[in-house]
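Okay, structure first, notes after.
Note on naming: letters A, B, ... go to the chains in the order of the sequence lines (proteins, then strands), and numbering restarts at 1 for each one.
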Protein chains: 2
Amino acid sequence: MDIGKAMGISATTVSRALHDHPDISLSTKISVKEMAIAMDYHPNLLARSFANSQSQTVGVIIPNLEATFFSSMLGGVQKVASQNGYKVLMCQSNEEYLNEVENVHLLMDSRVDGLLICHSIETTNFDHVNIYRKRGIPIINFYRVNKDSETISVVAKNTEGAELVIEHLLNQGCKKIGIILGPRSLLITEERLKGYLNIHKKHLIEIEQSMIAYTDYTYNSIIEIVDRWLDMKERPDAIFCISDRTAIYVIRHLRKKNIQIPAEIAVAGFGNDLMGELIEPGLTTYDVQTSKIGETSMQMFLDQVKNEFGQITKVHTIEGHLVVRESSLKQK
Amino acid sequence: MDIGKAMGISATTVSRALHDHPDISLSTKISVKEMAIAMDYHPNLLARSFANSQSQTVGVIIPNLEATFFSSMLGGVQKVASQNGYKVLMCQSNEEYLNEVENVHLLMDSRVDGLLICHSIETTNFDHVNIYRKRGIPIINFYRVNKDSETISVVAKNTEGAELVIEHLLNQGCKKIGIILGPRSLLITEERLKGYLNIHKKHLIEIEQSMIAYTDYTYNSIIEIVDRWLDMKERPDAIFCISDRTAIYVIRHLRKKNIQIPAEIAVAGFGNDLMGELIEPGLTTYDVQTSKIGETSMQMFLDQVKNEFGQITKVHTIEGHLVVRESSLKQK
DNA sequence: TTGTAGGCGTTATCAG
DNA sequence: CTGATAACGCCTACAA
């Protein structure tokens, strides 16, 4: 350490003085710190990380940065990370399993202290993440989640959220609600369908299988379903979508076909993306609090690091709320 | 290196074998690689970075991740980074100068190989970045840019873009165009105003100072200007905004006041945020190609690293294009 | 073709 | 209270 040389003292002492180690006398602390400033000393964080095998860095993997949806989760993570002296190394999976796997290894090889991941749509095998979890590296799952009960996860209130939306649609007088889901493998698909079914049961409404549709989130797969429903003798009078983006595709398609929203068909989404506020008509949706999901995920990581081996809640559910806009307001 | 021990050979040989060093015999290379796989060997990237003082990491600082605007630039950076074996360490300045300064130091102390930065609105002093540039660390500026000519920058065609928009508004029959800018200190403010002025001069239209307004991007400062214009005897018949977000604020405000867009007042933005496509009426804007700005920035970093001390173009301008939607279409 | 030695900057351990 | 020494894992000279 140059600053030690300049002062004729050992690097050890300098290091300790800078860290306010109790052993060091006040006078040396002061003079060392002055010298540090004078020499514009900046510790080499790489060397420090290497020495303590602690990088003060978390890795974050999200599907993409194209929409506000995941980026605001990343924003939440980064915000809390920075408040707590952590850096953020980020990757995008582009919704591809193989990218995700590669990213996980890259981050682990880079010795991140923990991994915060929102899995890709394709991901159904979680070995790539479980190996590291078993080695004791904190892994936090957010939004789209590993069903494995060992993994700490931060999720939206999927079932309750869907229940709120469906209940609302029924209140608006809808009699036949179509639901557009993601792939069957996703937990969010499963949980939101559950909410849909719960409310139907509660009101003793018979469920029509034709009203339950799975997609891979692509535009075509979504439109295909809508068209199929439009061709039916008894069309649905409401469509509940797995995401706001999906809902926006649906709204545009319906408008193109000159179908009145919500008069003929009400539409609701899930997530509360910024977009939903801007589109015409405004989109009714469930606000999952994306930014808060990110913040909480990072907080969970911090808690786990502090707790070390203490008892830890595995699943953290983020409270959201129904956002009613014109796309579902049949009664004004 | 454990794998050396396991095979009874030196770590050096192992390292070289894994790196396909020409000195090593094919047979040892093969056996070492087999052993590496068998033992699931992963190099410690932290140690490697430390040893060669090369982290294979770039730091990126953006104002925030709330809107798609900056996040898609970050997405572009990360995409190209990952294609070239670089990692991305990211920070948000939240549009605050002090945060930005702190982030720069953090990233530099973390020994990133380069810094890609989009300055905060507040930033007018660039010393925090120039120190490191002078030390030879590649610094790339994107979108909002350091006026210092030494810095490599990747920017939108601000002046030309503004020219296209203004020309278009005039074509639509607008006679009096208000322009809402950002803070005076920003280069984008200056350059887009220049485009505005250029086209006015070209058509020999006198410029009214009252039609040129500066804001700090806040909702209130924007609405205040619009209200001032609305109170005038001769209102503008078009408003050109420094950003799409600004334009959306304007559109909403005008709609609240029951002013017809574009019939009474046409509105145009700049940037081509996703939002502009969703709002009603669709927003006319100039597409700056956010993602490409990010990609190019990373590419410029890579070029600089390869070129080492070769001659380098300082300013890279990304071609964009006019996006005409209903908010400005007076003639149908 | 392979091995040995040293260093990267920081911190922890142990000794004084 | 302070200092010497070793260690973190990898890589590059230099030596054999």
[X]: which residues meet the side-chain contact (heavy atoms from CB on, under 4.5 Å) condition with it, sequence neighbours left out?
X	result
Ser291(A)	Ser72(A), Glu295(A)
Thr12(B)	Ser10(B), Arg16(B)
Thr317(B)	Val155(B), Lys157(B), Val315(B)
Ile30(B)	Leu26(B), Glu34(B)

Could you list by number each residue of residues 106-114 of chain B showing a heavy-atom separation from DNA chain D of less than 4.0 Å, or answer none if no residue does? none

Where along residues 26-34 of chain A does a heavy atom come under 4.0 Å from DNA chain D, residue by residue in number order?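 Within this stretch, Thr28(A) sit under 4.0 Å of the strand.
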
Between N or O atoms, less than 3.5 Å apart, protein on one side and nucleotides 12-16 of chain C on the other: list the pairs.
{"from": "dA12(C)", "atom 1": "N6", "to": "Thr12(A)", "atom 2": "OG1", "distance (Å)": "3.3"}

Please report the end-to-end axis angle for the helix from dT1(C)-dA16(D) to dG16(C)-dC1(D), five pairs per end, rounded to 10 degrees.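 Between the axes fitted at each end of the helix from dT1(C)-dA16(D) to dG16(C)-dC1(D) lies an angle of 50°.
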
By the ring-ring contact (aromatic ring centres under 6.0 Å, His included) test, which pairs, at least two apart or in different chains, include something from residues 56-82 of chain B?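 Every ring-ring contact (aromatic ring centres under 6.0 Å, His included) pair that includes a residue of residues 56-82 of chain B, provided the two are not neighbours, is Phe69(B)-Tyr143(B).
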
Can Phe50(A) be classed as stacking with the base of dT10(C), given a centroid separation cut-off of 5.5 Å and a plane angle cut-off of 30°?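 No, Phe50(A) does not stack on the base of dT10(C).
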
Can you name the salt bridge (Lys or Arg N to Asp or Glu O under 4.0 Å) partners of [X], sequence neighbours left out?
X	result
Asp40(A)	Arg135(B)
Arg111(B)	none
Glu66(A)	none

Sugar-phosphate only, base, or nothing, as touched by Ser25(B) at under 4.0 Å among non-hydrogen atoms: sugar-phosphate

